[in-house]
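Bear in mind that the values here come from a model prediction, so they are computed numbers and not experimental data. So you know, we letter chains A, B, ... as the sequences are listed, proteins then strands, and number each from 1.
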Protein chains: 2
Amino acid sequence: MEMETITENQKVRVAEKLKKMFGHMDRRQMEYCPIRDVMALASDKWSILIILYLGYYPVMRFNHLKKRVYGISNKVLSERLKVLAADGYLARNMFPEVPVRVEYNLTDFGHSYLQKLIELSEWATTHSDQVMSNRKGFGKV
Amino acid sequence: MEMETITENQKVRVAEKLKKMFGHMDRRQMEYCPIRDVMALASDKWSILIILYLGYYPVMRFNHLKKRVYGISNKVLSERLKVLAADGYLARNMFPEVPVRVEYNLTDFGHSYLQKLIELSEWATTHSDQVMSNRKGFGKV
DNA sequence: AGAGCAAGTTACCAAAAGTAACTAATTTTT
DNA sequence: AAAAATTAGTTACTTTTGGTAACTTGCTCT
C-alpha cells in the first residue's frame, strides 16, 4: 500500500536534526518557540499563496494579488501583506499617482523562505493524489 | 542590511519551478488547487508541531502529545489527529487496556512529509532572529 | 455629470479555536 | 469500603479570527 521509500538511514538523519532542534528545549522555549512564532505567520495558508505568487510574478499590485490568490478577502489580504512586510518577507512600494499604485515584491529574505516553500509545494503537488486516496480509503478495511 | 545571499541563478531556478506549478493553472484548478488542499491541513500551525514531535518521539500517546505540543487544547488536538490520520500522515493504534492506551505514530507517508517540514523548521530556527529584528525595525527609517 | 479605478477600510455575520467541566471503567490510595 | 487518579477523549460555552459586502478618496475618462 505504502508507495513511499523512506530508508531507515533517512529516518535516523531526521531524528538527529530534530534532536538538535528540540533536544535542549526547556520550558521557557516551549512557551516562546521560534519555530512557532515564525511559522505561525509564514506557514499560514494565505501567506504561503501570497509568497508563492510573488515568486512567480516578481512585482504584484493589490488587485492582481487578489485575483491570483483566489478566494482571499480584501481584509485578510491587506492584513497579511502588512505582517509579511513587517516580518521582512516582502516590500511595499507606493507611487503617489492617480489612482495610487502600490507594488509588492519579495525581499531577499522572502526569497530565501520561498526556496523552502517551493520544496514543500512540490511535495504537496506530487503527493496530492495520495492524500486523496488515503482520505477515501480511511475507515474502510 | 540584507544578510541573505540569494543569487540570481537561484531566483531563476525558483521561477522555473513555479512556472511548472502555476504556469498551466486554469480557473478550475484555481478553485480546487492541490497545493491548497494538501497544505491547508499539513501546514497548519498545530499539525506542523504534531508531526515534528512524532518525528522526535516515534510513538506518542494523547496526553504525551498534549504536554509537548504546548498550548494545544484537547479539542483541537483530537480533531487534528483525526484528520492527519485520515489523510494518511499518521496511524492510530488503540489497545483496549484499562485505562485505554492509544498510540500515534507517523506513517511512511508522514515521514516523507516530515523531511520537508524539517527543512522548513531549520530555516525558521536559523532565521528567527532576523524576523525579530525585521519586526522591530519596521516602520522606522 | 456620472461612472470607473486603485487600494484599501469598516461594520456586520459566520466559522474556527480556546476553556473548562464532564465521561467511562478500572486501579490505586486512604 | 469510599475516594481519588488514570486515559482519551467529548460537550457546551465564549472568544478570536475570517469572510462578505458596502463604502471611501481623489482624479480621469465618457
Query raised in the report: When you check the phosphate oxygens OP1 and OP2 of C/dA7, does a side-chain N or O of A/Arg61 lie under 4.0 Å from one of them?
Result: yes
Query raised in the report: Would a line drawn from the ring center of B/Tyr53 to the ring center of B/Trp46 be shorter than 6.0 Å?
Result: no
Requested in this report: Could you tell me the separation between the CG atom of A/Leu77 and the C1' atom of C/dT10, rounded to a whole number of Å?
Outcome: 16 Å
Under-3.5 Å N/O pairs linking protein and nucleotides 16-23 of chain D:
unit_1, atom_1, unit_2, atom_2, d
D/dG18, OP1, A/Arg80, NH2, 3.0
D/dG18, N7, A/Lys75, NZ, 3.1
D/dG19, OP2, A/Trp46, NE1, 3.4
D/dG19, O6, A/Lys75, NZ, 2.5

Requested in this report: Give the rounded distance in Å between these two atoms: CE of A/Met94 and P of C/dG8.
Outcome: 8 Å
Report summary line: Assign each of B/Arg92 and A/Pro99 the nucleotide of DNA chain D bearing its closest heavy atom; nearer the 5' end lies the nucleotide of B/Arg92
Query - Whole-Å gap separating C1' (D/dG9) and NE2 (B/His64) - result: 18 Å
Report task. Compare the minimum distances between each of D/dG9, D/dT7, D/dT10 and the side chain of B/Asn63, then state the nucleotide with the smallest one. Result -> D/dT7
Query raised in the report: How long is the line joining CD of B/Glu97 and C1' of D/dT6, in whole Å?
Result: 13 Å
Query raised in the report: Does A/Ser78 have a side-chain nitrogen or oxygen under 4.0 Å from the phosphate oxygens OP1 or OP2 of C/dT9?
Result: yes
Requested in this report: Side-chain contact test, heavy atoms from C-beta onward, threshold under 4.5 Å: evaluate it for B/Phe62 versus B/Leu81 and give yes or no.
Outcome: yes
**Report entry** Exam field: side chain A/Arg36 to backbone B/Tyr70, donor-acceptor pair closer than 3.5 Å
**Finding:** yes
Requested in this report: Using whole Å, report how far CZ of B/Phe95 lies from C1' of D/dT6.
Outcome: 18 Å
Report summary line: ring pair (Phe, Tyr, Trp, His ring centres under 6.0 Å) filter on B/Tyr57, not counting sequence neighbours, yields B/His64
Query - Heavy-atom check, side chain of B/Tyr89 versus side chain of B/Val83, under 4.5 Å - result: no
Requested in this report: Output yes when a side-chain donor or acceptor of B/Thr126 lies under 3.5 Å from a complementary backbone atom of B/Glu122, and no otherwise.
Outcome: yes
Query raised in the report: OP1 or OP2 of D/dT7 sitting under 4.0 Å from any side-chain N/O of B/Tyr104?
Result: no
